[in-house]
Amino acid sequence: MEPVSQRLPARSRHVVVRFSLKLAVFLIICGLQMGSGGPNLFSEVTRLAAVLCVVLALHARERPMGTSLNYWDEAVVFGLVSRLGGILGFG
């Protein structure tokens with residue numbers, strides 16, 4: 001049985017990697033900010049990323065619920081991560 005990553009279309013793999021890298025950068029930056037005594041802005045940063053993904057999806061004229069992952073899917077996941085971070089107290 002082949003791995004899930006091999007069953008995804010190339011465009012979807014690109015979106016998953018893009019999302020993972022963005023989330024890793026946000027976690028590092030917010031972790032450094034908290035370590036220096038600043039406020040935790042994780043929820044706000046991920047909410048802003050969700051809004052940016054919506055703007056990029058509109059600009060690229062992508063369709064929601066397409067055959068492969070796109071900016072709309074990334075916006076939904078960033079919105080959920082933002083909400084989860086708010087519920088857990090990360091911002």
Side-chain angles (χ1 to χ4, degrees):
M1 183 161 199
E2 64 182 330
V4 173
S5 62
Q6 296 301 320
R7 286 184 266 159
L8 287 174
R11 178 153 167 74
S12 293
R13 281 188 296 229
H14 177 75
V15 171
V16 169
V17 169
R18 183 176 66 206
F19 170 79
S20 301
L21 289 174
K22 286 179 188 176
L23 190 60
V25 169
F26 294 160
L27 287 170
I28 290 169
I29 290 172
C30 290
L32 291 173
Q33 183 181 7
M34 279 184 56
S36 66
N40 189 354
L41 299 175
F42 181 73
S43 290
E44 288 79 9
V45 170
T46 52
R47 189 176 311 125
L48 182 62
V51 171
L52 179 62
C53 286
V54 168
V55 170
L56 290 171
L58 290 171
H59 177 68
R61 298 177 196 251
E62 292 180 335
R63 293 178 158 254
M65 306 293 286
T67 57
S68 64
L69 297 176
N70 57 30
Y71 279 114
W72 288 109
D73 301 303
E74 196 174 349
V76 169
V77 175
F78 269 127
L80 291 173
V81 168
S82 172
R83 193 65 209 129
L84 182 62
I87 289 171
L88 296 176
F90 292 117

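Worth knowing before you read on, the calculation uses all heavy atoms, side chains too, and leaves out hydrogens, waters and symmetry mates.
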If Ile, Leu, Val, Met, Phe, Trp and Tyr residues are connected whenever their side-chain heavy atoms lie under 4.5 Å apart, and connections chain through other members, are Leu88 and Leu41 in the same group? yes
Gap separating the CG atom of Leu58 from the SG atom of Cys53, nearest 0.5 angstrom: 11.0 Å
Would you say Asn70's side chain and Arg63's backbone share a donor-acceptor pair under 3.5 angstrom? yes
With a 4.5 Å limit on heavy-atom distance, are the side chains of Arg47 and Arg83 in contact? no
Please list, chain by chain and in numerical order, all residues satisfying side chain to side chain contact (heavy atoms under 4.5 Å, CB included) with Leu27, sequence neighbours excluded. Leu23, Phe42
Ignoring hydrogens and geometry, is there a side-chain-to-backbone donor-acceptor pair from Ser12 to Leu8 under 3.5 Å? no
So, do Glu74 and Val15 sit near enough that their side-chain heavy atoms are less than 4.5 Å apart? yes
Check: Val81 main-chain N/O paired with Thr46 side-chain donor or acceptor under 3.5 Å: no
Sequence neighbours left out, what passes side-chain hydrogen bond (donor to acceptor under 3.5 Å, both in side chains) with Gln33? Give chain and number order. none
Examine distances only and state if a side-chain atom of Ser68 and a backbone atom of Pro9 form a donor-acceptor pair shorter than 3.5 Å. no
Would a 4.5 Å heavy-atom cut-off, applied to side chains only, mark Val16 and Leu69 as touching? yes
In this structure, CZ of Arg61 is separated from OH of Tyr71 (nearest 0.5 Å) by 15.5 Å
Is there a path of hydrophobic side-chain contacts, each under 4.5 Å between heavy atoms of I, L, V, M, F, W or Y residues, that connects Val45 with Met34? no
To the nearest 0.5 Å, how far apart are OG in Ser82 and CZ in Phe26? 11.0 Å
Donor-acceptor contact present, side-chain Trp72 to main-chain Glu62, <3.5 Å: yes
Test item: Asp73 and Val77 side chains (from C-beta on) under 4.5 Å apart, heavy atoms: no
Approximate separation, where rounding is to 0.5 Å, of Ile87 CD1 and Ser43 OG: 9.0 Å
